[in-house]
**Q** 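One structure follows; several queries about it will come next.
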Amino acid sequence: MNQKTQKPAQIRHALTVKREDDFAAWYQQVVSEGEMAEESGVRGCMVIKPWGYGIWERIQKIMDAAIKEAGVDNCYFPLFIPLSYFAKEADHVEGFAKEMAVVTHHRLIADGKGGLMPDPEARLEEPLIVRPTSETVIGAAMARWVQSWRDLPLMVNQWANVVRWEMRTRMFLRTSEFLWQEGHTAHADRDDAMKETLRALEMYRSFAENVLAMPVVAGEKPENERFPGAVATYSIEAMMQDGKALQAGTSHYLGTGFAEAAGIRYQSKEGAQELAHTTSWGVSTRMIGGVIMTHGDDDGLRVPPAIAPHQIIILPMLREDDGDEALLAYCEEIRRELLKLSALGEPIRVLLDKRPGKATQKRWAWVKKGAPIILEIGGRDAAGGMVSALRRDRIWREDAKTNFVGQSREEFVAGVAALLEDIQASLHREATEKRDANITRGLTTLDQVAEFFAEDKRYPGWVELNWSRPTGDALEKVVEQLKALKLTIRNTALDAAPAEGLCPFTGEAAVERIYVARAY
RNA sequence: CGGGGAGUAGCGCAGCCUGGUAGCGCAUCUGCUUUGGGAGCAGAGGGUCGCAAGUUCGAAUCUUGUCUCCCCGACCA
């Protein structure tokens, strides 16, 4: 018996489920333990709690500025859309009809059993649908607003909720009601509309990378994955830690189909009546799910500083004795000092958490929520002008203890902006490395693809394949083959290297490359 | 929407088969001790057992319906 052999110290994680053991259960635990959202009692709808909504507000604030910067104005269109508006664009109807919430009555009466029921006398002449997206109503408005070439381009955006009656829902990733931003623009010609479509896509790519620290591939979706009614659909695709792809934002060139359905026409310089070319683009609360699955670890969420509602949590180690007053005063001084600083281009956001309770308990709550920096400050720190700082992205030391760094208050304050920026950059680097390590190239046959995605490989990641861009029945066949493997075509990266060789599906010469993956 | 599983205290669960009026761990509250890193001991509070009907003297437990959640499938800008 060797008494000197010690068991390696065991890290005691804040969550009870590890990503590795059950990714789906882990995700749910992060959402609930991180106090992001909870069940609402209504199928597929969630209550977004302050921490989750705070993240959404950060996303809104930064994205809204980028949208306005591009010359797009905000406005608001109604939640209810007359059925007849919606029916105008055939492909659009085809795509959405199956998941529509419909309003048919405008009054309730007693049902005679102590409850209420819609009054049969109060049936709406024309049912209203709850918007699943607003192309149709906004198109109707644009038809009124656009007369001449001088009115173009017309560019509007709205922040709104939309409803799609989903059969299978997951918090943030696919909910029946979700929050989003939808930009809608009308242009004189295809080139201008396409330019706007790609501008929006680039805005999303840059936002995902720089703000969410989430690496993405910006590219064009294959024909079968297009938005109903679109001529071309583009997306940003992110890789989650289980290797699945998440479509985190889309931008569509809609051609003249919606303009024709809604009657968006303008008189050109030459005096002819022309159809406008329209676009639409959006990102939603789904992005938050992407952040969770990109950055989360076995201790909960890790929120990138750029979107953290509070970037620094000051946790006084209160002892409910005479020392507390001086300790709180010291913490308050530090808070004020930090509030004067900026990081990542904005004033630093600090919370002094002085709720009663043990600092250790509160600490783990903030770890699970993923606050970027936790400052625990005790009486001895206060007396000596010190702080103890924990950066959320690296909370464990080699010896399995929490990685608090004691330092002087001056030193911490002087370095805190750089520290926040380093956390932001470090999360991005870590995620990018993880993604790049999980993209496989060079498979040339469908059999190799099937082998690669065999059941025993839990997190296979993405595969980049040559692609001859088949259409119609030929594409349909490929989609079926991939479906049998639970795979989908994600997109063709805009910045991909030129393709060479043969398409593994058709045997024809490749014209581009596609990413194939399991997806959310 | 099809197949499967589940809903009992804030969280995680036992009890259900074989009906008898609800329990455990963590969390919470109080007290004492402890005090620089997820404290210990003692005590306490908290639940119309998802909801609704039915069977029964009696239902968390049996039956039916319904709502919600999870997994698989279909579907999914």
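Sequence lines set the chain letters: A, B, ... in the order given, protein chains first and strands last, and positions in each chain run from 1.
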**Q** Rounded to the nearest angstrom, tell me the gap between atom CG in A:Leu15 and atom C1' in B:G12.
**A**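 Interatomic distance, CG of A:Leu15 to C1' of B:G12: 14 Å.
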**Q** Which part of the nucleic acid, if any, lies within contact of A:Arg319, taking any heavy atom under 4.0 Å across all strands shown: a base, the sugar-phosphate backbone alone, or nothing?
**A** base
**Q** Thinking salt bridges, do A:Arg392 and A:Asp297 make one under a 4.0 Å N-O criterion?
**A**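 A:Asp297 and A:Arg392: salt-bridged.
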**Q** Does A:Gly384 reach a base, just sugar-phosphate, or nothing at all? Heavy atoms under 4.0 Å.
**A** nothing
**Q** Would you indicate what A:Arg380 reaches in the nucleic acid, counting non-hydrogen atoms under 4.0 angstrom: base, sugar-phosphate, or nothing?
**A** base
**Q** Which nucleotide, if any, forms a Watson-Crick or G-U wobble pair with B:U56, using both distances under 3.5 Å?
**A**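 Check on B:U56: unpaired, no WC or wobble geometry under 3.5 Å.
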**Q** Mind checking if A:Trp366 touches a base, just sugar-phosphate, or nothing, with heavy atoms under 4.0 Å?
**A** nothing
**Q** Would you say A:Thr360 reaches B:A39's phosphate, i.e. side-chain N/O to OP1/OP2 under 4.0 Å?
**A**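 Yes, such a contact exists.
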**Q** Please determine whether a side-chain nitrogen of the Lys or Arg among A:Asp353 and A:Lys362 lies less than 4.0 Å from a carboxylate oxygen of the Asp or Glu.
**A**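 Counted as a salt bridge, because a side-chain N and a carboxylate O are separated by less than 4.0 Å.
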**Q** Side chain of A:Glu166: nearest nucleotide among B:C69, B:A74, B:C76?
**A**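 In terms of side-chain proximity for A:Glu166, the closest of B:C69, B:A74, B:C76 is B:C76.
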**Q** How many Å lie between CD on A:Glu38 and P on B:U68, as a whole number?
**A**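 Between P of B:U68 and CD of A:Glu38: 17 Å.
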**Q** Rounded to the nearest angstrom, tell me the gap between atom CG in A:Asp22 and atom P in B:G12.
**A**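 Rounded to whole Å, this separation is 14 Å.
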**Q** Before accepting this row, confirm whether a basic side-chain N of the pair A:Asp298/A:Arg19 lies closer than 4.0 Å to the acidic partner's carboxylate O.
**A**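 Yes.
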**Q** Rounded to the nearest angstrom, tell me the gap between atom CD in A:Glu480 and atom P in B:C75.
**A**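 My rounded result for the distance is 8 Å.
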**Q** Starting from the 5' end of RNA chain B, give me the residue, A:Thr169 or A:Glu99, whose nearest nucleotide shows up first.
**A** A:Thr169
**Q** Can you tell me how far P in B:C75 sits from the matching atom in B:U18, rounded to whole Å?
**A** 42 Å
**Q** From C-beta outward on A:Lys98, which listed nucleotide comes closest to its side chain: B:U68, B:C76, B:G36?
**A**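 So the nucleotide nearest the side chain must be B:C76.
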**Q** Using the P atom in both, what is the distance from B:C11 to B:C69, to the nearest Å?
**A**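 Looking at atom P only, B:C11 and B:C69 are 16 Å apart.
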**Q** In whole angstrom, give me the gap between the P atoms of B:G10 and B:C51.
**A** 13 Å
**Q** Both distances under 3.5 Å, Watson-Crick or G-U wobble: report the partner of B:C76, or none.
**A** none
**Q** Is it true that A:Lys221 and A:Glu237 have a side-chain N and a carboxylate O under 4.0 angstrom from each other?
**A**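 A:Glu237 and A:Lys221: salt-bridged.
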**Q** Which part of the nucleic acid, if any, lies within contact of A:His13, taking any heavy atom under 4.0 Å across all strands shown: a base, the sugar-phosphate backbone alone, or nothing?
**A** base
**Q** Counting heavy atoms not belonging to A:Lys49, are there more than 12 under 6.0 Å from its NZ?
**A** yes
**Q** What contact category does A:Thr250 fall into here, base, sugar-phosphate, or nothing, at under 4.0 angstrom with non-hydrogen atoms?
**A** base
**Q** Pick the nucleotide of RNA chain B nearest each of A:Gln361 and A:Tyr520; which residue has the one closer to the 5' end?
**A** A:Gln361
**Q** Sort out the partner of B:U61 for me: Watson-Crick or G-U wobble, both distances under 3.5 Å, none otherwise.
**A** none
**Q** Considering every strand shown, what is the Watson-Crick or G-U wobble mate of B:G46 when both distances are under 3.5 Å?
**A**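 Base-paired to nothing in any strand shown.
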**Q** Could you tell me how far B:C71 sits from B:C32 if I compare only their C1' atoms? Round to whole Å.
**A** 49 Å
**Q** Identify whether any heavy atom of A:Arg170 sits under 4.0 Å from a base atom; if not, whether one sits that close to sugar-phosphate; answer base, sugar-phosphate or nothing.
**A**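 Here A:Arg170 touches the backbone only, sparing every base.
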**Q** At 4.0 Å (heavy atoms only), tell me whether A:Gly379 reaches a base, stays on the sugar-phosphate, or touches nothing.
**A** base
**Q** Which is true for A:Ala24 with a 4.0 Å heavy-atom rule: it touches a base, it touches only sugar-phosphate, or it touches nothing?
**A**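 If one applies the 4.0 Å heavy-atom cut-off, A:Ala24 turns out to touch the sugar-phosphate alone, with no base involved.
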**Q** Does a side-chain N-to-carboxylate-O contact under 4.0 Å join A:Arg409 and A:Glu333?
**A** yes
**Q** Between A:Thr133 and A:Arg131, is there a side-chain donor-acceptor contact under 3.5 Å, judged purely by atom types and distance?
**A**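 No, because no side-chain N or O of A:Arg131 sits under 3.5 Å from a partner of the opposite role on A:Thr133.
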**Q** Searching all strands shown, indicate the nucleotide that pairs with B:C41 (Watson-Crick or G-U wobble; both distances under 3.5 Å).
**A**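 The base-pairing partner of B:C41, which may sit in any strand shown, is B:G31.
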**Q** Whole angstroms only, please: what is the CD-C1' distance between A:Glu39 and B:A6?
**A**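 Rounded to whole Å, this separation is 13 Å.
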**Q** Could you measure between the two P atoms, the one in B:A74 and the one in B:A14, and give it in whole Å?
**A**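 These two P atoms come out 31 Å apart once rounded.
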**Q** Does B:A6 have a Watson-Crick or wobble partner in any strand here, with both distances under 3.5 angstrom, and which is it?
**A** B:U68
**Q** Within the structure, does a side-chain N or O atom of A:Gln29 lie under 4.0 Å from either OP1 or OP2 of B:G12?
**A** no
**Q** Find the partner of B:G19: check Watson-Crick (N1-N3 plus N6-O4 or O6-N4) and G-U wobble (N1-O2, O6-N3) distances, both under 3.5 Å, and reply none if neither fits.
**A** none
**Q** Regarding B:G36, can its base be found pairing with the side chain of A:Ser388 as donor and acceptor, where the two atoms are less than 3.5 Å apart?
**A** yes
**Q** Students often get this wrong, so: under 4.0 angstrom with heavy atoms, is A:Arg168 touching a base, only sugar-phosphate, or nothing?
**A**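 If one applies the 4.0 Å heavy-atom cut-off, A:Arg168 turns out to touch a base.
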**Q** Now, which nucleotide makes the Watson-Crick or G-U wobble pair with B:G12, with each of the two distances under 3.5 Å?
**A**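 Because both required distances fall under 3.5 Å, B:G12 counts as paired with B:C24.
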**Q** Between B:A6 and B:A44, how far is it from one P atom to the other, in whole Å?
**A**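 Straight-line distance between the two P atoms is 35 Å.
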**Q** Reckon A:Lys483 has a side-chain N or O less than 4.0 Å from the OP1 or OP2 of B:G73?
**A** no
**Q** What about A:Trp364 and A:His13, are their ring centers closer than 6.0 Å?
**A**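 No, the ring centres sit 6.0 Å or more apart.
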**Q** What nucleotide among B:C11, B:G73, B:C76 has an atom nearest to a side-chain atom of A:Lys486?
**A**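 For A:Lys486, the side-chain atoms sit closest to B:G73.
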**Q** Counting the atoms with a prime plus P, OP1 and OP2 as sugar-phosphate, which does A:Tyr234 contact under 4.0 Å by heavy atoms, base, sugar-phosphate, or nothing?
**A**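 No contact at all - A:Tyr234 keeps every heavy atom at 4.0 Å or more from the nucleic acid.
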**Q** In whole Å, I'd like the distance from the CG atom of A:Asp321 to the P atom of B:U33.
**A** 13 Å
**Q** I need the CH2-C1' distance between A:Trp364 and B:C26, as an integer number of Å.
**A**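 After rounding, the reported distance stands at 16 Å.
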**Q** Which of these passes ring-ring contact (aromatic ring centres under 6.0 Å, His included) with A:His252: A:Trp281, A:Tyr234, A:Phe227?
**A** A:Phe227
**Q** If we take the C1' atom in both B:G45 and B:G4, what is their distance in whole Å?
**A**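 Rounded to whole Å, the distance is 39 Å.
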**Q** I need the CG-C1' distance between A:Asp111 and B:A52, as an integer number of Å.
**A** 13 Å
**Q** Distance check, C1' atoms only: B:G50 and B:U33, in whole angstrom units.
**A**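 It comes out at 43 Å once rounded to the nearest Å.
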**Q** Which part of the nucleic acid does A:Gly378 contact within heavy-atom distance under 4.0 Å: base, sugar-phosphate only, or nothing?
**A**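 Base, at least one base heavy atom under 4.0 Å.
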